[in-house]
Undergrad: 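Let me begin by handing over the structure; questions about it come next.
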Amino acid sequence: MAVGEYSRSDDMHTLHTTSQNPHVIRLLMGAFVLGIPEHKLRVVAPEVGGGFGTKNIHYAEEAFWTFAAKAVNRPVKWTSTRSEAFMSDAHGRDHVTKIELAMDADNNFTAIRTETYANMGAYLSTFAPSVPTWLHGTLMAGNYKTPLIYVNVKAVFTNTVPVDAYRGAGRPEATFQLERVIDMAARERGGDPIALRRQNYVTEFPYATPVAVEYDTGDYHATMDKLEEIADIAGFAARRAASEAKGMLRGLGINSYIEACGIAPSNLVGQLGARAGLYDAATVRVNATGSISVMVGAHSHGQGHETSFPQVISEMIGIPEDQIDIVHGDTSKVPFGMGTYGSRSLAVCGSAMVRAAEKVINKAKKIAAHLLEASDADIELKDGQFTVAGTDKSVAWGDVTLAAYVPHNYPLEDIEPGLEETAFYDPANFTYPAGAYACEVEVDPETGKVTIERFSAADDFGNVINPMIVSGQVHGGIAQGIGQALLENCAYDDEGQLISASYMDYAMPRADDLPFYSVDHSCQTPCTHNPLGVKGCGEAGAIGSPPSVVNAVIDALQSGGKNVAHIDMPLTPARVWDAMNG
Amino acid sequence: MIGQDWRGQPLQTTPRYLCTTEGQNPNQIIDRRNKDAFEIERPSTIADAVTALKGEDAQALGGGQTLIPTLKQRLAAPEVLVSLGAIGEMKGVCVGDDGAVCIGGATTHATVAQKAAAHYPALAHMASHIGDPAVRNRGTIGGSLANNDPSACYPAGVLASGATVMTDRRAIAADDYFQGMFTTALDEGEIITEVRFPVPQTANYQKFVQPASRFALVGVFVAKYPDGVRVAVTGASENGVFRWSEAEAALAADFSVDAIAELHVPADDMISDLHGSAAYRAHLVNVMTGRAISAMS
């Protein structure tokens, strides 16, 4: 959906669009497509119902309706039909990969070699080449200390809809191939897939991988320990026996994952070929009466920034969360930010917000010191009160903020009036959320239908600000991962016609396709390089879940005596049956 | 005057929704606003509906579960829609003097699921699993049968029951009614007013759903009558719903899963698509038939 507007009185173009990334859309559309100077172009992306990467991309329609509004001198609204969306929104994934894993006689991983053909579609979408390259190749070490890794990615043009970022973007593909080949290796060596993984885990940090990134911290054994507990791995044999008693095959699939999130250190991704800065920005505007508006470059489309960001400010200053509002999604209101994707909002934009809030607090302390006739260094802020250390002299947050805007008794010779600060934050490194997932399935040997019976996720996201939001993100991510593993397929016929262009043929996961999840994020190794110690949680579920689902199905088929090594996603009943009877 | 602005004033230029064809007289204007307009009539008796359907390019509208999406996609553009939803004499479930369950042509799946449960549980159960609650509260038995979607559930229930399709002008036996994918014995303007189901001794419907649409990838309705067994299969064949006569004969002799275990439907005429090959569908016919028999034993 897009609405273009044009105001002749001030030559101002406005685009309302369902985007995750309003500033970047403005930059791309203004500078590179329409030639409209940025100060004459406003992009508004208000409450958007989910983004998932697909809305991170600059679409032709956005430019067209911005242009059209001026051409006809009136607002123009356009809404795609569902089938148009299937045929024009960027698709996801679509890699064809050959992966080889070498192990020594003691089952230590010695080398990995991959060759990937990454479909770009018929023409390049905004971030398409980033996905199979620096978002994918850099993750091929996984959680493992493999000394030699060779990754060869060939991006290819085809006649399909363009393929671009989709929740996880490159990292699900890396995780899938690695965790599938490890499972095959465990089966071939007759070993335990958990033990094989544990044996090869990276355990010392920081760890520089052979593929360009350095993991700052993590504890992969801790998440696997937690997984074994919450997934009740020990009880699997009894559950398998119960399934077999009713004629079903039961399988258990395990995998680890790691992702590079908090996207991204600008200089590193620049070296890797990305052509964007990936900092973020926040302005903390304190009003005279002490309430706060935080203008953030991150974009909230279901992540709950309106809840979690004020929690941070509230804790820093000691005022209630309802005194703090988050403003986002309008280039005329917020500083130049880089939007929301890549599990980056809290790690990058949240860090900018913390830096801006620190500046505000430092200035407020100077004002408080003046009001209390004390030295700056002696002022402490706690529970919304500035206190002179070791005394009972104090002044409330609201009195200080009022003084900043009504500067009668105020050190005007030393500091400016007002209380508003902006910070830009460029991360020093990616963050590296990691974890371990387990899926249990039943496969109907007569029909090939897969039913997910249990799904467990043990994640390490570093510090957690709002556990309920984090659980919700993991739940949604797992639903998407299960959708990818079992259901979703952008399919073309031999003539290149898209044959999954409606929900009659494109299978979205629905509630009854999914089990109750068991998720845990109590394993926390805080990120070492951002002020909140957070790593990001938006993509983990989608990255970690597909391999455990497929590993579980293969395990089920093998338990039923079917010699099936691999099935390509989605594992529809027909594909599973074909594999069993192939 | 070639148009008005929002204040009702005449426009000086051609408004954007009024398009001229290039090279033609610019005063010859095609009003794109009304391209897909249609009239709707809501008769309250069968007789009025029959009259209304004699109009040029008139189309009967049942619950609209297929027709409305078709209109939205601009794949059909009738001049007149004749809604059958206000005809009281075409709604409801009752039991006839001969014991048959009689369902009015404009009866929704939800009503059948509820009202037929005591009389023909397998049919009611089938109706209760069509689509989702929104579909079941709009979609009608007559609409489903008139459309004869090759993946719909009702054709299997009707054919397996040897039901009679009553129209405004005649009675059509189920064996004569279904004539291939989206094709029926209905004439132009003919309305399904009622469907009469002889109640079997026992029956069961097994549906294996297509993962996206949740229509039947393969659905098998088995009904056992004193004079024989009828097995109707939907979802599978290029020719729409069909009777699996080989299984019927085997089951008439021995009503058990074993009786059909070694039987196979030929895959030749089966649908092959994104969701399953012809061989897979043929296999599922056997599996679902077996499960229906198991459920009845």
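Lettering of chains follows the sequences in order, A, B, ..., and the numbering in each one begins at 1.
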Undergrad: Are A/Ser83 and A/Thr81 linked by a side-chain donor-acceptor pair shorter than 3.5 Å?
TA: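 There is no such pair (donor and acceptor under 3.5 Å, judged by atom type) between the side chains of A/Ser83 and A/Thr81.
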Undergrad: Tell me, side chain or backbone of A/Asn581 under 4.5 Å from chain B's heavy atoms, or both, or neither?
TA: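 Neither part.
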Undergrad: Could you report the tightest heavy-atom contact between A/Phe455 and A/Val549, atom names first, then the distance?
TA: CE1-CG2, 4.0 Å
Undergrad: Run the salt-bridge test on A/Glu244 and A/Arg250 with the 4.0 Å N-O cut-off and return the result as yes or no.
TA: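 Salt bridge absent between A/Glu244 and A/Arg250.
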Undergrad: Quick check on the interface: out of A/Leu487, A/Asp505, A/Ile499, who has the most heavy-atom pairs with chain B under 4.5 Å?
TA: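 Highest number of pairs under 4.5 Å: A/Asp505.
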Undergrad: Side chain, backbone, both or neither: which part of A/Thr572 has an atom under 4.5 Å from a heavy atom of chain B?
TA: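 Contact with chain B: none, neither part.
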Undergrad: With a 4.5 angstrom heavy-atom cut-off, which part of A/Met508 approaches chain B: side chain, backbone, both or neither?
TA: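 Neither part.
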Undergrad: Quick check on B/Tyr280 against chain A: is it the side chain, the backbone, both or neither that has a heavy atom closer than 4.5 Å?
TA: both
Undergrad: Report which part of B/Arg291 has an atom under 4.5 Å of a heavy atom belonging to chain A: side chain, backbone, both, or neither.
TA: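 For B/Arg291, side-chain heavy atoms alone lie under 4.5 Å from chain A.
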Undergrad: By a 4.5 Å heavy-atom criterion (distance strictly below it), what part of A/Pro570 contacts chain B: side chain, backbone, both, or neither?
TA: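 Contact with chain B involves no heavy atom of A/Pro570 at all.
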Undergrad: Which bit of A/Asp493 comes within less than 4.5 Å of chain B, counting heavy atoms only: side chain, backbone, both or neither?
TA: neither
Undergrad: For a ring pair (Phe, Tyr, Trp, His ring centres under 6.0 Å) check, start with the C-alpha distance between A/Phe86 and A/Tyr503, then their side-chain angles and the critical distance, and finish with the verdict.
TA: CA-CA 9 Å; A/Phe86 274 116; A/Tyr503 284 130; 5.3 Å; yes
Undergrad: For the pair B/Asp132 and A/Arg510, find out whether any cationic side-chain nitrogen is under 4.0 Å from an anionic carboxylate oxygen.
TA: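 Salt bridge flag = no for A/Arg510 with B/Asp132.
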Undergrad: Check this for me, if you would: do A/Asp513 and B/Arg214 make a salt bridge, where the nitrogen-to-carboxylate-oxygen distance has to be below 4.0 angstrom?
TA: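 B/Arg214 and A/Asp513: salt-bridged.
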